[in-house]
2 protein chains.
Amino acid sequence: MKEIHVGSMRFSLDPGQPLYEQVLAHIRSAVARGELPLGARLPSVRELAQALQINPNTVMRAYRELEREGLAESHGSQGTYITRDAGRVEAVRRDLAAAAVAAFLAEMERLGFTLPDVVRMLQERSDADTP
Amino acid sequence: MKEIHVGSMRFSLDPGQPLYEQVLAHIRSAVARGELPLGARLPSVRELAQALQINPNTVMRAYRELEREGLAESHGSQGTYITRDAGRVEAVRRDLAAAAVAAFLAEMERLGFTLPDVVRMLQERSDADTP
DNA sequence: TTTATGTATTATATCACTTAATACATTTAG
DNA sequence: CTAAATGTATTAAGTGATATAATACATAAA
């Protein structure tokens, strides 16, 4: 899994997982954690495709999904830009986190762990992490 | 998503997700939480396939994976049985939980949440759950 | 005018998943 | 002994998501 740098972003793609989803997730997390500032210009479709050695259509698909989520806006021939709506970014961040938490807890409960069990496990890990 | 009862197990399959993985996950969680006792006999391949309205090969694939994990054993023409090795079950349960935790934390960190952040979120949910 | 951009279309390829249709050996039940 | 149920194996085919390829067009900036 080679790391590819494009602008301020680092990509590491895993063939075997959908590429457009990985590109999407990379950019999304870059926005969520502020690595990509509001209003930042994304690499052009062709440019990113070239850098990642994937098809432009695959990048387009990721960009379209970013637009659908309200994280990016296409400015015609000027390029694609991260939204300037900080609230939108925060909302997406929250939604994704909520979804991750829900899926995680569901999985843990399937394995027979209760919510307090899970809290305890993570608590311990947190303690071990910062002693 | 219709619920189908087979013996002591309830199945609800979602076309669009790999069927063999769903069958696998259902049985795995049934074992992990003790719903399926040690040494229990699983439905025959044909029987389960018939009940779930899927192909016997698909069930076979799930059963083979259960064997690979050490959760089930094929007893030839007598059927397929859950292992009697309680330690093995517990180990699988632990492994699956550890994997789920790792994946979850990685995802949350991608979204810019630290481990203490996550602990706090789940803590709050736990408090709200049991007031 | 040239260039870079987003966008769209059509075709093809690949791969995982699923179904289908049998077939065989072994064990249990009658 | 016979019949039935079981796990197992094989071969073929179908389906859908994903990805690539090759173009094409309109717009805006240089």
Side-chain angles (χ1 to χ4, degrees), chain A residues 1-2 4 6-7 9 11-28 36 39-83, chain B residues 1-2 4 6-7 9 11-28 36 39-83:
Chain A
M1 238 177 316
K2 194 167 55 180
I4 302 175
V6 183
M9 292 182 289
F11 288 84
S12 67
L13 299 185
D14 166 26
Q17 295 312 111
L19 297 177
Y20 80 93
E21 279 188 6
Q22 296 179 64
V23 172
L24 177 60
H26 269 97
I27 299 178
R28 203 155 47 188
L36 264 184
R41 182 183 187 279
L42 288 174
S44 80
V45 169
R46 291 172 177 80
E47 184 182 347
L48 185 52
Q50 165 69 22
L52 300 182
Q53 291 290 296
I54 63 180
N55 196 278
N57 291 340
T58 305
V59 175
M60 259 303 290
R61 189 163 175 186
Y63 279 18
R64 244 191 257 140
E65 186 62 20
L66 282 173
E67 279 196 80
R68 204 192 57 78
E69 292 180 1
L71 283 185
E73 303 160 357
S74 166
H75 290 180
S77 66
Q78 312 177 32
T80 301
Y81 292 80
I82 300 300
T83 181
Chain B
M1 235 177 316
K2 193 169 53 178
I4 302 174
V6 184
M9 293 183 288
F11 288 85
S12 66
L13 298 185
D14 166 28
Q17 295 311 110
L19 298 176
Y20 81 93
E21 280 187 6
Q22 297 179 62
V23 173
L24 179 58
H26 270 95
I27 299 178
R28 203 156 47 188
L36 265 185
R41 182 181 185 279
L42 288 174
S44 80
V45 169
R46 291 172 177 83
E47 184 182 349
L48 185 52
Q50 165 69 21
L52 300 182
Q53 291 290 297
I54 63 180
N55 195 279
N57 292 338
T58 305
V59 176
M60 258 304 290
R61 189 162 176 187
Y63 279 19
R64 242 192 256 139
E65 186 62 20
L66 282 173
E67 279 197 79
R68 204 193 57 79
E69 292 179 0
L71 282 186
E73 304 161 356
S74 167
H75 290 181
S77 67
Q78 313 177 30
T80 302
Y81 292 79
I82 301 300
T83 181

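The sequence lines fix the lettering, A, B, ..., with proteins before strands; numbering per chain opens at 1.
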Can you give the donor-acceptor pairs under 3.5 Å from side chains of residues 51-60 of chain A to other protein atoms, not counting sequence neighbours?
| from | atom 1 | to | atom 2 | distance (Å) |
| --- | --- | --- | --- | --- |
| A/Q53 | NE2 | A/Q50 | O | 3.0 |
| A/N55 | OD1 | A/N57 | N | 2.9 |
| A/N55 | OD1 | A/N57 | ND2 | 3.4 |

*Strictly below 4.0 Å, heavy-atom distances to any atom of DNA chain D: list the hits from residues 41-50 of chain B, or just say none.*
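Under 4.0 Å from DNA chain D: B/R41, B/S44, B/V45, B/R46.
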_Nucleic acid contacts of residues 51-63 of chain B, taken as heavy-atom distances under 4.0 Å to DNA chain D_ =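 DNA chain D contact set from residues 51-63 of chain B: B/N57, B/M60.
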*Heavy-atom check, side chain of B/L36 versus side chain of B/I27, under 4.5 Å*: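 Side-chain contact under 4.5 Å: yes.
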*Quick one: are A/L66 and A/T80 in side-chain contact, heavy atoms under 4.5 Å?*
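Not touching, per the 4.5 Å side-chain cut-off.
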*In Å, rounded to the nearest 0.5 Å, how long is the span from NE2 of A/H26 to CG of A/L13?*
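Result: 6.5 Å between the selected atoms.
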*Looking at CD1 of A/I82 and CG of A/L42, how far apart are the two atoms once the value is rounded to the nearest 0.5 Å?*
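Nearest 0.5 Å value for the CD1-CG distance: 4.0 Å.
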*Please identify each residue that fulfils ring-ring contact (aromatic ring centres under 6.0 Å, His included) with A/Y20, with sequence neighbours left out.*
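For A/Y20, no residue satisfies ring-ring contact (aromatic ring centres under 6.0 Å, His included) once neighbours in sequence are set aside.
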_Within residues 44-72 of chain B or reaching into it, pairs that qualify as ring pair (Phe, Tyr, Trp, His ring centres under 6.0 Å) - sequence neighbours excluded_ =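 As it turns out, there is no ring pair (Phe, Tyr, Trp, His ring centres under 6.0 Å) pair with a partner in residues 44-72 of chain B once direct neighbours are skipped.
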*May I ask you to list the residues of residues 68-78 of chain B, by number, that have any heavy atom positioned under 4.0 Å from an atom of DNA chain C?*
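Within this stretch, B/S77, B/Q78 sit under 4.0 Å of the strand.
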*For B/E21, which residues count as a side chain to side chain contact (heavy atoms under 4.5 Å, CB included) partner, sequence neighbours excluded?*
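Counting only residues at least two positions away or on another chain, B/E21 forms a side chain to side chain contact (heavy atoms under 4.5 Å, CB included) with B/P18.
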_I'd like to check the side chain to side chain contact (heavy atoms under 4.5 Å, CB included) partners of B/E67; sequence neighbours left out, ordered by chain and number._
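Per chain and number, B/E67 pairs via side chain to side chain contact (heavy atoms under 4.5 Å, CB included) with B/S74.
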_Residues in side-chain hydrogen bond (donor to acceptor under 3.5 Å, both in side chains) contact with A/Q22, at least two apart in sequence or another chain_ =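 A/Q22: no side-chain hydrogen bond (donor to acceptor under 3.5 Å, both in side chains) contacts found.
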*What residues, two or more places apart in sequence or in another chain, satisfy side-chain hydrogen bond (donor to acceptor under 3.5 Å, both in side chains) together with A/E65?*
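side-chain hydrogen bond (donor to acceptor under 3.5 Å, both in side chains) list for A/E65, sorted by chain: A/R68.
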*5' to 3' on DNA chain D, which nucleotides open and close the contacts with chain A (atom under 4.0 Å from a heavy atom)?*
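From 5' to 3', the first and last contacting nucleotides are D/dT18 to D/dA29.
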*Scan for salt bridge (charged side-chain N to carboxylate O under 4.0 Å, His left out) pairs involving residues 40-54 of chain A, sequence neighbours excluded, and state none if there are none.*
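Listed once each, the pairs would be none.
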_At 4.0 Å (heavy atoms only), tell me whether B/E67 reaches a base, stays on the sugar-phosphate, or touches nothing._
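Touches sugar-phosphate only.
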